[in-house]
Amino acid sequence: MILALAGGVGGAKLATGLAGILGPDQLAIAVNTGDDFVFQGLSISPDLDTVTYTLAGLNDQEKGWGLAEESWQFLAALERLGGEAWFKLGDKDLATHVMRSYWLSKGWTLSEVTARICSALGITHQVFPMSDDPVRTFLDTEIGELDFQTYFVRERCQPKVRNVRYVGADQAKPSEAFMKTLQDTYLSAIIICPSNPILSVAPILAVQGVSPSLRSHPAPVIAVSPIIEGKAVKGPAAKLFRELGKDPSVAGVAEYYGDLLDGLVIDAKDKDRAAIRQKTLITNTLMQTDQDKKNLASDVLEFARSLI
Ligand code: FO1
């Protein structure tokens, strides 16, 4: 059994590569829910959506989030009524949020909702939220404290960040499936996908007991760096590292995860590797095609086997 910890786009890509190699009973994917929020009364779980849409092959590859071949009539009608439209809900995507909100209102857990969505989309690998309890990422910025989506989408990650909080994480329990996987004696590797360490991975690690479980489990913990040559493949990872006084490089990623990691996977283009203390695998980490995703997944699995 392999456990992948995933945030948005980078996480979804590597999870898809792993799912192309491993069977449904060999891969479990725990997804960040720190980005979740309620918008216009709808419960949105952006990272769960990105992971499930990508695994199902239904994602918009250009944007990275949302569904392919989307239309936007709902959004236009909403704007006409004076609704806020900075967070764009496409017509097809809307169905996911309506059904999630409906099922949650009936008392289902987010894990149950996610399992139902996965089954409807034909996803056979296990995908679950990191927790069924609310955890919300807040950023202390130069224009005040912002919830994640306000910072990320409405403010386009522009305000300078001073601190990040994962509200509720210390009271949140891992979801049942996550807990079961963490306790699985057949768990042979934990892979931290190339998601933003501070915004996407840290909320998962902050959930009660997750970091101690990873540290005490005999399986190796491996991260894939989302930063290549000092730049984030997508999103504000490098900018955030800089603003929080960390080195925006693979060495900075290695230092950020510290002794949690047994191994770090970095890109072949990266020359900045002298300061990395963990064992490293140097390969192509940029996932532009489906073959890239599979190649990286296969490299990471082989690296994991070498660390057991
Ligand atoms: N990201 C954007 O940059 N702009 C959007 O309007 C937007 C809408 C959206 C709707 C549903 C959904 O599941 C995700 C959406 N995202 C959007 C992506 C998302 O907010 C972020 O990429 C993640 O939270 C970061 O991992």
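Computed over heavy atoms, backbone and side chain alike; hydrogens, waters and symmetry mates excluded. Bear in mind the structure is a predicted one, so any value in this text is a computation, not a measurement. Counting starts at 1 for both ligands and their atoms, following the listed order.
Each of the following atoms of ligand 1 lies closer than 4.0 Å to a heavy atom of Asp93: 10 (C), 11 (C). Atoms of ligand 1 found under 4.0 Å from any heavy atom of Asp47, numbered from 1 in the order shown, are 23 (C), 24 (O), 25 (C), 26 (O). Ligand 1 places these atoms under 4.0 Å from at least one heavy atom of Asp49: 13 (O). Residue Val153 has at least one heavy-atom neighbour below 4.0 Å for each of these atoms of ligand 1: 1 (N), 2 (C), 3 (O), 4 (N), 5 (C), 6 (O), 20 (O). Per-residue contacts place Lys88 under 4.0 angstrom from the following atoms of ligand 1 (heavy atoms of the residue considered): 5 (C), 6 (O), 8 (C), 9 (C), 10 (C). Ligand 1 places these atoms under 4.0 Å from at least one heavy atom of Trp86: 6 (O).
Taking the charged nitrogens against the carboxylate oxygens, Asp259 and Arg215 do have a contact shorter than 4.0 Å, which makes a salt bridge. The pair Arg165-Glu145 meets the salt-bridge criterion, since a charged nitrogen lies less than 4.0 angstrom from a carboxylate oxygen.
Using cut-offs of 30° and 60° for the angle between ring planes, the Phe39 and Trp86 rings count as perpendicular.
Protein heavy atom at the shortest distance from atom 22 (O) of ligand 1 is Phe152 CE2, 3.6 Å. When hydrogens are left out, the protein atom nearest atom 25 (C) of ligand 1 is Asp35 OD2, 3.3 Å; that is the closest non-hydrogen contact. Protein heavy atom at the shortest distance from atom 10 (C) of ligand 1 is Phe87 CE2, 3.2 Å. The nearest protein atom to atom 3 (O) of ligand 1, hydrogens excluded, is given as Trp65 NE1, 3.6 Å; this is a heavy-atom distance. For atom 19 (C) of ligand 1, the nearest non-hydrogen atom of the protein is Pro46 CB, 3.8 Å. Remark: minimum distance from atom 20 (O) of ligand 1 to any protein heavy atom is reached at Gln149 OE1, 2.7 Å.
Not a single donor-acceptor pair under 3.5 Å links the side chain of Gln171 to the backbone N or O of Gly168.
Tracing side-chain contacts under 4.5 Å through hydrophobic residues (I, L, V, M, F, W, Y), one reaches Leu240 starting from Ile204; they form part of the same cluster.
Residue Ser45 has no nitrogen or oxygen atom sitting less than 3.5 Å from a nitrogen or oxygen atom of ligand 1, judged on distance alone.
Within a 6.0 Å radius of CD in Glu176, no more than 12 heavy atoms belonging to other residues, nucleotides or ligands are found. Other residues, nucleotides and ligands place no more than 12 heavy atoms under 6.0 Å from the NZ atom of Lys279.
Side-chain contact check for Thr33 and Asp36: no donor-acceptor pair (N or O, by modelled atom type) lies under 3.5 Å.
In this structure, Ile228 CD1 and Leu286 CG are separated by 5.0 Å, a value rounded to the nearest 0.5 Å.
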